[in-house]
Amino acid sequence: MAQEVSEKQMKITARGVDVFYGEAQAIKQVDVDIEDHAVTAFIGPSGCGKSTFLRCLNRMNDTIDICRVTGDIRLDGNDIYDPSIDPVQLRAQVGMVFQKPNPFPKSIYDNVAYGPRIHGLTGSKSELDGLVEWALTRAGLWNEVKDRLDKPGTGLSGGQQQRLCIARAIAVQPTVILMDEPCSALDPIATATIEELIDELRTKFSIVIVTHSMQQAARVSQKTAFFHLGDLVEFGDTNDIFTAPQDERTQNYITGRIG
Ligand SMILES: Nc1ncnc2c1ncn2[C@@H]1O[C@H](COP(=O)(O)OP(=O)(O)O)[C@@H](O)[C@H]1O
Ligand SMILES: [Mg+2]
């Protein structure tokens with residue numbers, strides 16, 4: 001795949017990445033650059049490997065026994081599969097938000113305070129309070145929950161729960177946030193709120209979002225990668241991918257002929 005060399009700062013670079021589940025190959029020789037302060041969307045038909053590749057970026061595939069990842073993936077130039085890397089520390093730097101909101105069965109406050117506590121990020125209670133407020137504010141949830149921080153996170157609406165999960169992810173000060181179909185369990189209004197939030201978050205973070213919605217990819221991302229049967233078929237500016245796709249498979253997908 002031909003790729004332009006860009007002057008822009010790359011947060012993550014992946015080269016020649018293969019992923020296998022047992023004998024079955026799910027990702028084939030993928031090269032991709034993830035920019036800082038931008039939203040990169042992964043699109044493509046169900047089963048093409050979007051989630052599998054996303055999970056390579058913070059070593060979540062390590063938790064799947066039969067899964068094997070090869071190739072080179074770097075965060076700020078450092079090999080994330082180097083034996084010296086602690087996956088738990090890596091996942092604090094490269095946070096993840098899942099399809100179904102999954103708050104802990106704890107208070108709203110403790111959901112957000114959990115990560116900073118285990119990573120020892122704050123010294124005092126007032127420092128932790130400040131960090132919880134910062135993360136909830138950044139996730140666009142503070143005003144809705146500031147008077148009930150001691151109530152269970154699971155009592156919030158679906159959209160609020162997903163924003164709580166975003167607050168939980170950003171509380172440990174990541175630089176990259178991975179989102180795997182973060183709106184697929186949400187109604188259109190909650191989806192619009194999360195999309196606005198994603199646009200706001202990119203001022204501080206590098207964001208990678210898997211979405212089955214091409215409209216969503218077009219609305220929220222600056223870069224789009226189209227996957228098909230484990231291949232990264234096409235990668236470029238979102239506008240170019242949707243208006244002038246180079247590959248016939250991309251054309252077929254965005255016009256609804258495959259998917
Ligand atoms: N835990 C797993 N064990 C075995 N095969 C898997 C596992 N997860 C995904 N796969 C397979 O890998 C391929 C890519 O799946 P996935 O990454 O979930 O695709 P997408 O997110 O694009 O829908 C599919 O063929 C899927 O069946
Ligand atoms: Mg998936």
Side-chain angles (χ1 to χ4, degrees), residues 1 12 14-34 39-73 80-81 87 90-91 94-102 158 161-162 165-166 169 176-186 190-191 194-195 198 207-221 223-236 238 241-242 245 247-259:
M1 193 185 63
I12 295 179
R15 292 292 177 272
V17 175
D18 289 320
V19 183
F20 301 86
Y21 293 106
E23 297 291 299
Q25 188 164 7
I27 288 292
K28 301 168 194 160
Q29 287 294 304
V30 166
D31 296 344
V32 78
D33 289 333
I34 307 293
V39 180
T40 301
F42 291 171
I43 65 168
S46 181
C48 67
K50 304 179 295 294
S51 298
T52 297
F53 186 70
L54 191 76
R55 287 195 299 265
C56 294
L57 304 180
N58 69 347
R59 294 186 49 176
M60 283 295 281
N61 286 323
D62 288 17
T63 64
I64 302 172
D65 273 349
I66 60 166
C67 190
R68 188 163 57 87
V69 178
T70 61
D72 186 76
I73 303 179
I80 66 167
Y81 284 84
L90 173 68
R91 289 174 204 139
V94 184
M96 194 152 195
V97 174
F98 298 88
Q99 198 161 345
K100 201 169 161 291
N102 58 349
Q161 286 187 26
Q162 198 60 306
C165 293
I166 292 170
V176 183
I177 306 172
L178 311 178
M179 300 185 171
D180 195 348
E181 306 204 21
C183 301
S184 63
L186 305 182
T191 296
I194 299 280
E195 288 182 2
I198 290 170
I207 296 175
V208 187
I209 179 173
V210 168
T211 176
H212 62 261
S213 160
M214 287 183 276
Q215 291 78 7
Q216 180 165 73
R219 283 192 299 263
V220 303
S221 73
K223 294 280 175 179
T224 294
F226 170 66
F227 287 82
H228 186 247
L229 298 174
D231 292 311
L232 200 177
V233 170
E234 199 163 339
F235 176 58
T238 295
I241 297 287
F242 285 102
D247 192 283
E248 192 180 59
R249 290 166 291 180
T250 319
Q251 280 167 26
N252 288 340
Y253 183 69
I254 65 168
T255 56
R257 280 193 286 268
I258 53 171

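Values below: every heavy atom of this structure, side chains too, minus hydrogens, waters and symmetry copies. Since we're looking at a predicted model, the values are computed, not measured. Remember, it's 1-based here, ligands and their atoms both numbered in the order they're listed.
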Next on the checklist: Side chains of R249 and L229, heavy atoms from C-beta outward: is any pair under 4.5 Å?
Outcome noted: no
Checklist entry - Will you find, in the side chains of N61 and R55, an N or O donor that is under 3.5 Å from an N or O acceptor? => result yes
Item to check | Presence of salt bridge, K100 and D180, under 4.0 angstrom | outcome: no
Checklist outcome for this item: Between the CG atom in N102 and the CE atom in M96, the distance rounded to the nearest 0.5 Å is 10.5 Å
Checklist entry - What are the protein N, O or S atoms, given as residue plus atom name, that sit under 2.8 Å from the Mg ion (ligand 2)? => result S51 OG
Item to check | Option passing side chain to side chain contact (heavy atoms under 4.5 Å, CB included) with L178 (candidates I34, T40, V94) | outcome: V94
Between ligand 1 and the protein, which N/O pairs fall short of 3.5 Å?
unit_1   : atom_1 : unit_2 : atom_2 : d
ligand 1 : 8 (N)  : Y21    : OH     : 3.4
ligand 1 : 17 (O) : T52    : N      : 2.9
ligand 1 : 17 (O) : T52    : OG1    : 2.5
ligand 1 : 19 (O) : G49    : N      : 3.2
ligand 1 : 21 (O) : S51    : N      : 3.0
ligand 1 : 21 (O) : S51    : OG     : 2.8
ligand 1 : 22 (O) : C48    : N      : 3.3
ligand 1 : 22 (O) : G49    : N      : 3.1
ligand 1 : 22 (O) : K50    : N      : 2.9
ligand 1 : 22 (O) : K50    : NZ     : 2.9
ligand 1 : 23 (O) : G47    : N      : 2.7

Checklist entry - What are the two closest heavy atoms between C165 and V97, and how far apart are they? => result O-CG2, 4.3 Å
Checklist outcome for this item: Heavy atoms of D33 and R15 approach each other most closely as OD1-NH2, 2.9 Å
Checklist entry - Does the side chain of I27 reach to within under 4.5 Å of the side chain of F227, using non-hydrogen atoms? => result yes
Checklist outcome for this item: One should read off an interatomic distance between I43 CD1 and Q216 CD, to the nearest 0.5 angstrom, of 11.5 Å
